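These notes are about the structure you will find just below.
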2 protein chains.
Amino acid sequence: MSAEANASGYSRSTEDYLKVIYELEGRGAPVQTRAIAEALEIAAPSVSGMVKRLSESGLVEHVPYRGVRLTGSGRRAALKMVRRHRIVETYLTQKLGYDWDSVHDEAERLEHAVSDELIGRMAMALGNPRYDPHGAPIPTKDGQIEEQELLPLSEVPVGSMAELRLVSDRDPELLRYIASLGLKVGVAFEVIGRQPFKGPVTIRLPGKPPRDENLGHELAAALQCWEREGEVG
Amino acid sequence: MSAEANASGYSRSTEDYLKVIYELEGRGAPVQTRAIAEALEIAAPSVSGMVKRLSESGLVEHVPYRGVRLTGSGRRAALKMVRRHRIVETYLTQKLGYDWDSVHDEAERLEHAVSDELIGRMAMALGNPRYDPHGAPIPTKDGQIEEQELLPLSEVPVGSMAELRLVSDRDPELLRYIASLGLKVGVAFEVIGRQPFKGPVTIRLPGKPPRDENLGHELAAALQCWEREGEVG
DNA sequence: TCGCAGATTTAGGCACGCGTAATTCCGGGA
DNA sequence: TCCCGGAATTACGCGTGCCTAAATCTGCGA
């Protein structure tokens with residue numbers, strides 16, 4: 001036996017913490033202990049303890065009772081994990097026939113085990129993709145990540161055209177459902193109605209003939225879209 | 001986050017122990033604490049402690065001061081790890097352009113992270129190979145493994161033809177060296193000399209013109225061959 | 001300004017898996 | 001049979017990362 005514990009040099013837990021902190025940070029707001037605890041499904045005091053260690057390692061900045069922010073090296077490590085996760089998901093989907101609803105768990109384990117070398121080879125084999133199967137941008141090797149200007153379908157104005165660009169990889173049921181409607185990343189459709197008080201959104205999907213579907217508010221809120229200003233097909 | 005700690009349900013350490021015990025067991029002889037400690041590069045008392053836990057989990061049978069043997073479920077789990085390791089090595093070599101001397105460490109990490117599903121898909125993509133790139137037989141999904149009748153090159157009679165069938169994946173230097181000689185699994189050659197007192201073995205490699213090479217005893221002992229009884233090219 | 005709810009941290013504990021030091025066991029030679 | 005060296009185990013301790021219970025802080029509404 002001779003392999004490193006973990007390809008990145010950090011423990012599996014550390015990698016998980018960095019990734020969720022990155023994801024919860026949005027645009028720089030401090031991340032609460034409780035949010036981390038919920039995302040990782042562990043108790044809040046456990047997070048307090050771990051945050052202390054992360055802070056001593058210089059990966060996060062911790063203001064007691066206020067929250068944590070990633071430091072430069074914390075963010076770099078987090079983006080590395082995000083890159084790994086998304087490349088693995090893309091690879092499994094494109095090269096090994098996985099469906100987009102079943103890659104998340106597998107990637108969640110593999111992201112801790114793959115080396116930079118392997119990620120590089122996977123990316124190469126895929127032609128250095130910019131997005132994963134759910135539309136999420138893949139950070140580059142040197143930690144650049146594209147910022148997307150997206151709108152939840154629940155907020156796209158009625159009457160405009162929209163294109164599905166991004167959906168979370170976390171909910172297989174949701175992914176299977178929207179796939180069953182013919183909705184995947186890149187599909188354009190018309191928003192033809194929305195009911196008030198978190199009512200459903202009605203969209204018209206392309207096809208012969210076009211098909212109308214009603215999507216619940218919660219679902220519509222999970223579908224990040226480009227709004228294509230302008231007229232209707 | 002929602003993935004299991006480890007695809008098999010056992011901890012990474014447990015998986016490592018089971019694999020080395022399997023490999024050290026040969027044909028059923030009890031495995032000594034010290035042998036495990038050396039293989040895993042950890043201290044002997046640590047092994048004693050772990051063996052106790054493995055034994056309580058029903059994975060090994062431990063006779064104090066005598067050694068351990070895998071139980072049925074221990075052997076099944078070990079063979080699963082061996083299958084994972086060898087399929088991953090084969091996949092990396094065949095599909096991602098790795099050389100045979102660089103796959104071991106990567107596989108050592110990945111074998112703990114891949115699911116049965118993924119191993120199945122990799123095996124499928126490879127056409128269900130029976131051997132890994134180093135010639136080691138790949139256990140089937142249900143835990144069958146082929147027994148090979150092989151002879152170390154250091155014991156193949158002078159004058160016979162032999163074919164390289166198996167070499168350990170542990171030593172990248174050795175693998176690179178023999179590859180540089182044109183020796184890989186499946187290559188046949190003639191054994192034309194061997195010096196006494198652990199002296200070198202001389203082989204004649206096919207080619208135009210044939211090439212003779214002298215291999216040190218230790219190296220020759222690491223090359224497991226089929227002896228092709230009979231005459232010489 | 002006070003008090004309360006909720007978030008956070010501290011206190012104390014546990015399992016895992018590793019280490020070193022000290023002790024015990026086993027087998028072979030005298 | 002005794003003794004001795006090497007193997008194994010026991011005793012004790014450490015860091016990681018999780019837990020629950022108890023204390024503390026923060027901000028908001030009365």
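When reading the values below, keep in mind they use all heavy atoms of this one structure, side chains included, and skip hydrogens, waters and symmetry mates. Letters A, B, ... are given to chains in the order of the sequence lines, protein chains preceding strands, and every chain is numbered from 1. As the structure is a prediction and not an experimental result, all values here were calculated from the model.
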Whole-Å distance between [N] [atom2] and [X] [atom1]?
X	N	atom1	atom2	value
A:Lys52	C:dT8	NZ	P	17 Å
A:Ile42	D:dT20	CD1	C1'	14 Å
A:Ile36	D:dG17	CD1	C1'	15 Å
A:Asp16	D:dG17	CG	C1'	12 Å
A:Gln32	D:dC25	CD	C1'	14 Å
B:Leu24	D:dA7	CG	P	15 Å
B:Leu40	C:dG19	CG	C1'	15 Å
B:His112	C:dG17	NE2	P	12 Å

Salt bridge present between [X] and [Y] (N-O < 4.0 angstrom):
X	Y	result
A:Asp16	A:Arg12	yes
A:Asp99	A:Arg176	no
B:Glu106	A:Arg121	no

Counting only side-chain heavy atoms from C-beta out, which of [options] sits nearest to [X]?
X	options	result
A:Ala43	D:dC19, D:dT10, C:dT9	D:dC19
B:Ala44	D:dT9, D:dG17, C:dT9	D:dT9
B:Met50	C:dT9, C:dG17, C:dA7	C:dG17
A:Arg34	C:dT10, D:dG17, C:dT8	C:dT8

Report yes if a side-chain nitrogen or oxygen of [X] is closer than 4.0 Å to either non-bridging phosphate oxygen (OP1 or OP2) of [N]; otherwise report no.
X	N	value
A:Arg12	D:dC18	no
A:Ser13	D:dT16	no
B:Arg66	C:dG27	yes
B:Tyr17	C:dC16	no
A:His62	C:dT8	no
A:Arg53	D:dG17	yes

Parallel under 30°, tilted from 30 to 60°, perpendicular over 60°: which one fits the rings of B:Tyr91 and A:Tyr91?
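Perpendicular.
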
Short side-chain donor-acceptor distance under 3.5 Å, B:Glu117 and A:Tyr98
no

N/O donor-acceptor pair, side chain B:Ser46 with base C:dG17, under 3.5 angstrom:
no

Just how far is it from atom CZ of A:Arg84 to atom CG of A:Asp116, taken to the nearest 0.5 Å?
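Spacing of CZ (A:Arg84) from CG (A:Asp116) equals 5.0 Å.
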
For A:Ser11 and for B:Val51, locate the closest nucleotide of DNA chain D by heavy-atom distance; then report the residue assigned to the nucleotide nearer the 5' terminus.
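That would be B:Val51.
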
Closest-nucleotide ordering on DNA chain D, the 5'-leading residue of A:Tyr65 and A:Val47:
A:Val47

